[in-house]
**Student:** 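Below is the structure I would like to discuss, written out as C-alpha cells.
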Amino acid sequence: MKIREDFLPVLRPVGGEEEIKSIAETIQSGWWGKGPKVEKFEKEFAGMVGAKYAVAVTSASHGQDLVLKAKGINNVDIINPAISFMTTAVVPLWNNCSSNIVDVRAHDLNICPEDVRRNLKPNTKAIIAVNHAGVPAPINEIREFYSDFILEDCAHSCYTPGAGKNGDVAVWSFQAVKTMPCGDGGMITTNDKELYEKLVPMTWLGITSTYSRLNRGDTLTGKPGYSWDYEVDLLGYKCYMIDIIAAICLEQMKKLASNLKWRRYIQKRYNEALSSYLQIPPWSETCQFYCARVQPEHRDSLIDYLATKKIHTSVHFKPLYLHNIVSNMNKRKYPVIDKEWKRIISLPCHTAMKEEDIDYVIYWVKNYFQRL
Ligand SMILES: *Cc1c(COP(=O)(O)O)cnc(C)c1O
C-alpha cells in the first residue's frame, strides 16, 4: 500500500459550518462572557447525563479542583488510579493533600477496588475514579467498603450511558481531543443543591454572574433589572466557561450521538480485523482511546513502525507514580500496571477518520506482525 503524505493523527477534533456560525452569532450578539449560551449548555448537558445541576468551567482540571475546594477537602489523603491523565494525580496536591496512587485492574485498566481497600488510610477522605477510555470504573464495588467522597472523572466517558451517576459528583472534559471537544472546557454535574449553589459563585471570585443579575433582578434588594451590586462572602476563583466556548459545545453536543457511532464503528472494525494480532480493548461506548495491548517487546517497535507509515499512535497512559512530582509519595509495588503499561498502544480513533483511513491503519498493523 502506498504510504500517505500527511500524518494520520491519533486523535483530533472536527468542526464545521455549524460551530463557525454559532461562534459568529455569539460575537455579534455582544455577549462574549458567561451568558445565555453557557446557561443553555449547562441545562442541556445536565439533561443528557441525568443530573439535576451542571456548572460549566474552563477545564476538567479546574472543575475537579473547584469541587475539592467547595467540599473543604484539604490536607487529607486522596486515592487516585495509576492509569489516568496527570490531572487526577496533581489536583490533590493543589489542595495540600497526599496523592495516593493505587493499581488498576488488568482487564480494563480501571482503578482496582482491592488495591483501594489495601491502601485506605485513616485520613483518606476522597477517591477520584476515572472511567478509563470510557469504560465505567467499579465505583459500586468501592462503595461496599468506603463511604466517603467519590469524584467520578468522566473525561473519557462523554457519553457512556450511566456515567456520572455513580460518584457523588462528576466532572467532564471538553478539551480539544475529547469526545465532545470545544478547545478547552469542562463541566461539573451533581444532584446536590447546596454544593451547586456554592460552586456557581466560586467559578467567579465569589461573585454571582452579571448575566444572572441582569435577568433575575437584584438579589440583594429584590428590585427588577440590572444590578451592579454584589456581595462576596466566599473565596472564589476564576474558571467559568464563556459563551464563545459554549457556542462550540452546543453544536458539538448535537453531533455527539453520530460522532460516537462513528467511533464505535472504528472500534468494531479494528476489533474484527486485528483480534488475532493484538489484545483488543474492552468495549467502550465512547472509544475515547482505542487502547490495544501487544507483547511488551513489540510496543515501541510497533509505534516506530507505524510512524514510518505516517500513522500517529500514543500511550494512554504512562503510570502516574513514575512522575517525580508524586513518586516519593508512592514508593510501593504496582504489579498489574507495571506489567500492562509496557503493552498499551492507542491506535488512531476520531471522527475525522474516513473508511480508507481505518483500512490503512489495519493494513499496516497487520503488516507489522506478518513481516515478523
Ligand atoms: C483530559 C483529562 C482530564 C483533564 O481534562 P481538562 O479538561 O483538559 O482539564 C482529566 N482526567 C482525565 C482522565 C483526562 O483524560
**Student:** Look at the side-chain heavy atoms of Ile, Leu, Val, Met, Phe, Trp and Tyr, link any pair under 4.5 Å apart, and say whether Leu120 and Tyr321 land in one connected group.
**Tutor:**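 Leu120 and Tyr321: separate clusters.
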**Student:** Is Lys198 paired with Glu194 through a side-chain N to carboxylate O contact shorter than 4.0 Å?
**Tutor:**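 Looking at Lys198 together with Glu194, the answer is no, because their closest N to O distance does not fall below 4.0 Å.
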**Student:** Within a strict 4.5 Å, meaning less than it, do heavy atoms of the Pro348 and Met353 side chains meet?
**Tutor:**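 Touching, per the 4.5 Å side-chain cut-off.
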**Student:** Check the side chains of Asn123 and Asp77 for a donor-acceptor pair under 3.5 angstrom, ignoring hydrogens and angles.
**Tutor:**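 Side chains of Asp77 and Asn123: no pair found under 3.5 Å.
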**Student:** Test side-chain contact (heavy atoms from CB on, under 4.5 Å) on Arg299 and Trp341; report intermediate values, then the result.
**Tutor:** CA-CA 10 Å; Arg299 203 273 303 271; Trp341 92 270; 3.8 Å; yes
**Student:** Take Glu251 and Lys255 through the salt bridge (Lys or Arg N to Asp or Glu O under 4.0 Å) test and state the conclusion after the steps.
**Tutor:** CA-CA 7 Å; Glu251 296 307 315; Lys255 300 174 179 179; over 6 Å; no
**Student:** Look at atom CD of Glu17 and say whether more than 12 heavy atoms of other residues, nucleotides or ligands are closer to it than 6.0 Å.
**Tutor:**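 Check fails, neighbour count at 12 or below.
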**Student:** May I ask you to test the Met253-Met48 pair for a side-chain heavy-atom distance under 4.5 Å?
**Tutor:**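 Contact flag for Met253/Met48 side chains = yes.
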**Student:** Backbone N or O of Pro136 within a donor-acceptor pair of the Asn110 side chain at under 3.5 Å?
**Tutor:**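 Such a contact is found between Asn110 side chain and Pro136 backbone.
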**Student:** What is the minimum heavy-atom distance between Cys182 and Ile245, and which atoms define it?
**Tutor:**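 Scanning both residues, the minimum pair turns out to be SG-CG2, 3.4 Å.
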**Student:** Hey, what do you get for CD1 (Ile266) to NZ (Lys261), rounding to the nearest 0.5 Å?
**Tutor:**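 Separation between the atoms: 13.5 Å.
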**Student:** Can you tell me how far CG of Leu372 sits from OG of Ser301, rounded to the nearest 0.5 angstrom?
**Tutor:**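 Separation between the atoms: 7.5 Å.
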**Student:** Do Thr189 and Trp172 have side-chain N/O donor and acceptor atoms under 3.5 Å apart?
**Tutor:**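 Judged by distance alone, the side chains do pair up.
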**Student:** Under a 4.5 Å cut-off applied to non-hydrogen side-chain atoms, are Arg264 and Glu285 in contact?
**Tutor:**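 A side-chain contact exists here, since the closest heavy-atom pair is under 4.5 Å.
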**Student:** Among residues at least two apart in sequence or on other chains, which ones pass salt bridge (charged side-chain N to carboxylate O under 4.0 Å, His left out) with Lys21?
**Tutor:**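 Scan of Lys21 (salt bridge (charged side-chain N to carboxylate O under 4.0 Å, His left out), adjacent residues dropped) gives Glu25.
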**Student:** Between Tyr360 and Ile3, does the side-chain contact (heavy atoms from CB on, under 4.5 Å) criterion hold? Intermediate values first, please.
**Tutor:** CA-CA 9 Å; Tyr360 186 84; Ile3 296 175; 3.8 Å; yes
**Student:** When rounded to the nearest 0.5 angstrom, what distance separates NZ in Lys165 from CD in Glu152?
**Tutor:**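 Taking NZ in Lys165 and CD in Glu152, the distance rounds to 11.0 Å.
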**Student:** For the hydrophobic clusters of this structure (ILVMFWY residues joined by side-chain heavy atoms under 4.5 Å, transitively), does one cluster hold both Ile150 and Leu66?
**Tutor:**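 As far as the 4.5 Å side-chain criterion goes, Leu66 and Ile150 are not connected within one cluster.
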**Student:** Measure the CZ-SG distance between Arg117 and Cys112 for me, rounded to the nearest 0.5 Å.
**Tutor:**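 That separation rounds to 10.0 Å.
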**Student:** Tell me whether Tyr159 is reachable from Ile139 by hopping between hydrophobic residues (I, L, V, M, F, W, Y) whose side-chain heavy atoms are closer than 4.5 Å.
**Tutor:**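 Ile139 does not cluster with Tyr159.
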**Student:** How are the rings of Tyr290 and Tyr270 set to each other: parallel, tilted or perpendicular (split at 30° and 60°)?
**Tutor:**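 Tyr290 vs Tyr270 ring planes: perpendicular.
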**Student:** Within the side chain of His323, is there an N or O that forms a donor-acceptor pair under 3.5 Å with the backbone of Ile325?
**Tutor:**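 Here the side-chain-to-backbone pair does not exist.
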**Student:** Sequence neighbours excluded, which residues qualify as ring-ring contact (aromatic ring centres under 6.0 Å, His included) partners of Trp262?
**Tutor:**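 Result, ring-ring contact (aromatic ring centres under 6.0 Å, His included) vs Trp262: Tyr265.
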**Student:** Does some side-chain heavy atom of Leu151 sit less than 4.5 Å from a side-chain heavy atom of Ile78?
**Tutor:**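 Heavy-atom side-chain distance check fails, nothing below 4.5 Å.
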**Student:** Starting from the C-alpha separation in whole Å, work towards a yes-or-no answer on salt bridge (Lys or Arg N to Asp or Glu O under 4.0 Å) for Lys40 and Asp243.
**Tutor:** CA-CA 10 Å; Lys40 184 163 189 270; Asp243 271 26; over 6 Å; no
**Student:** May I ask you to decide if Pro296's main-chain N or O and Lys342's side chain share a donor-acceptor pair within less than 3.5 Å?
**Tutor:**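 Judged by distance alone, no pair lies under 3.5 Å.
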**Student:** For the pair Thr160 (side chain) and Gly134 (backbone), establish whether a donor and an acceptor sit closer than 3.5 Å, ignoring hydrogens and angles.
**Tutor:**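 Yes: the side chain of Thr160 pairs with the backbone of Gly134.
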**Student:** Quick one: does any side-chain atom of Tyr211 pair with a main-chain N or O of Trp31 as donor and acceptor, under 3.5 Å?
**Tutor:**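 Here the side-chain-to-backbone pair does not exist.
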**Student:** Where the side chain of Asn259 meets the backbone of Met180, is there a donor-acceptor pair that is under 3.5 Å apart?
**Tutor:**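 No, Asn259 side chain to Met180 backbone: no donor-acceptor pair under 3.5 Å.
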**Student:** Linking I/L/V/M/F/W/Y whenever any side-chain heavy atoms sit under 4.5 Å apart, do Val10 and Tyr368 land together?
**Tutor:**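 Yes, because Val10 and Tyr368 connect within a single hydrophobic cluster, where side-chain heavy atoms sit under 4.5 Å apart.
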**Student:** Under a 3.5 Å threshold, yes or no: a donor from one side chain and an acceptor from the other, between Asn367 and Tyr305?
**Tutor:**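 Per modelled atom types, Asn367 and Tyr305 side chains form a pair under 3.5 Å.
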**Student:** Which heavy atom of Lys71 sits nearest to which heavy atom of Leu195, and what is that distance?
**Tutor:**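 Minimum heavy-atom contact is CD-CD1, 3.9 Å.
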**Student:** In terms of hydrophobic clusters joined by side-chain contacts under 4.5 Å, are Val171 and Tyr240 together?
**Tutor:**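 No, separate clusters.
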**Student:** Assess the residue pair Asn75 and Asn96 against the criterion (side-chain hydrogen bond (donor to acceptor under 3.5 Å, both in side chains)); give the C-alpha distance rounded to whole Å, side-chain angles, the decisive distance to 0.1 Å, and a yes or no.
**Tutor:** CA-CA 5 Å; Asn75 204 12; Asn96 310 310; over 6 Å; no
**Student:** Could you state the interatomic distance from CD1 (Ile111) to CG (Asn131), rounded to the nearest 0.5 Å?
**Tutor:**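 Going from CD1 on Ile111 over to CG on Asn131, the span is 11.0 Å.
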**Student:** Does one side chain, of Thr88 or Asn80, offer a donor that lies under 3.5 Å from an acceptor on the other?
**Tutor:**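 No pair is found: no donor N or O on one side chain lies under 3.5 Å from an acceptor on the other.
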**Student:** Grab the two heavy atoms, one from Arg105 and one from Val336, that are nearest each other, plus how far apart they are.
**Tutor:**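 Reported closest heavy-atom pair: C-CG1, 4.0 Å.
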**Student:** Can you find a pair of side-chain heavy atoms, one from Glu5 and one from Lys310, that are under 4.5 Å apart?
**Tutor:**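 Glu5 vs Lys310: side chains apart.
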**Student:** Are any non-hydrogen side-chain atoms of Phe149 and Val169 less than 4.5 angstrom apart?
**Tutor:**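 Result yes, sub-4.5 Å side-chain heavy-atom pair found.
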**Student:** If you measure from the Lys or Arg side-chain nitrogens to the Asp or Glu carboxylate oxygens, is any gap between Arg118 and Asp115 under 4.0 Å?
**Tutor:**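 The answer is yes: the pair qualifies as a salt bridge.
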**Student:** Between His156 and Phe85, is the gap from one ring center to the other below 6.0 Å?
**Tutor:**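 No; Phe85 has its ring centre 6.0 Å or more from that of His156.
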**Student:** Ignoring hydrogens and angles, tell me if any N or O in the side chain of Asp103 forms a donor-acceptor pair with the backbone of Ile337 under 3.5 Å.
**Tutor:**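 A pair under 3.5 Å: yes.
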**Student:** Restricting to non-hydrogen atoms, name the atom on Arg293 and the atom on Ala106 that form the minimum distance, rounded to 0.1 Å.
**Tutor:**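 Smallest heavy-atom distance, with atoms named: NH1-O, 2.7 Å.
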**Student:** Evaluate salt bridge (Lys or Arg N to Asp or Glu O under 4.0 Å) for Arg269 paired with Asp359, printing each intermediate quantity in order.
**Tutor:** CA-CA 9 Å; Arg269 291 243 15 236; Asp359 294 334; 2.8 Å; yes
**Student:** Using the ring of Tyr196 (Phe, Tyr or Trp, six-membered ring only), decide whether Lys52 places NZ or CZ under 6.0 Å from its centre and within 45 degrees of its axis.
**Tutor:**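 No, cation not above the ring by the 6.0 Å, 45° rule.
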**Student:** Check whether Trp32 reaches the backbone of Ile27 with its side chain - one donor and one acceptor, N or O, closer than 3.5 Å.
**Tutor:**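 Here the side-chain-to-backbone pair exists.
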**Student:** Which heavy atom in Cys349 sits nearest to a heavy atom in Leu11, and how many Å separate them?
**Tutor:**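 Between these two residues, the closest heavy atoms are O-CD2, 3.8 Å.
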**Student:** State, to 0.1 Å, how close Gln252 and Gly15 come at their nearest heavy-atom pair, and which atoms those are.
**Tutor:**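 Nearest pair, atom of Gln252 first, then Gly15: NE2-CA, 4.2 Å.
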**Student:** Between Met329 and Leu93, is there a side-chain heavy-atom distance shorter than 4.5 Å?
**Tutor:**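 Contact flag for Leu93/Met329 side chains = yes.
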**Student:** Check whether any side-chain N or O of Thr179 sits under 3.5 Å from a backbone N or O of Gln288 as a donor-acceptor pair, and report yes or no.
**Tutor:**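 It does not hold such a pair.
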**Student:** When rounded to the nearest 0.5 angstrom, what distance separates CD1 in Ile344 from OG1 in Thr313?
**Tutor:**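 These two atoms lie 11.5 Å from each other.
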**Student:** I'd like to know if Glu39 and Lys43 make a salt bridge, using a cut-off of under 4.0 Å between side-chain N and carboxylate O.
**Tutor:**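 Salt bridge flag = no for Lys43 with Glu39.
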**Student:** Taking the side chain as C-beta and beyond, is there a heavy-atom pair between His132 and Cys291 under 4.5 Å?
**Tutor:**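 They are in contact (side-chain heavy atoms under 4.5 Å apart), so the answer is yes.
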**Student:** Listed by chain and number, what are the ring-ring contact (aromatic ring centres under 6.0 Å, His included) partners of Phe41, not counting sequence neighbours?
**Tutor:**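 Only Phe45, Phe174 meet the ring-ring contact (aromatic ring centres under 6.0 Å, His included) criterion with Phe41.
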**Student:** Just by distance, do the side chain of Ser98 and the backbone of Asn100 share a donor-acceptor pair under 3.5 Å?
**Tutor:**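 Between the backbone of Asn100 and the side chain of Ser98 there is no qualifying donor-acceptor contact (under 3.5 Å).
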**Student:** In terms of ring plane angle, is the pair His62 and Trp94 parallel, tilted or perpendicular, where the classes change at 30° and 60°?
**Tutor:**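 His62 vs Trp94 ring planes: parallel.
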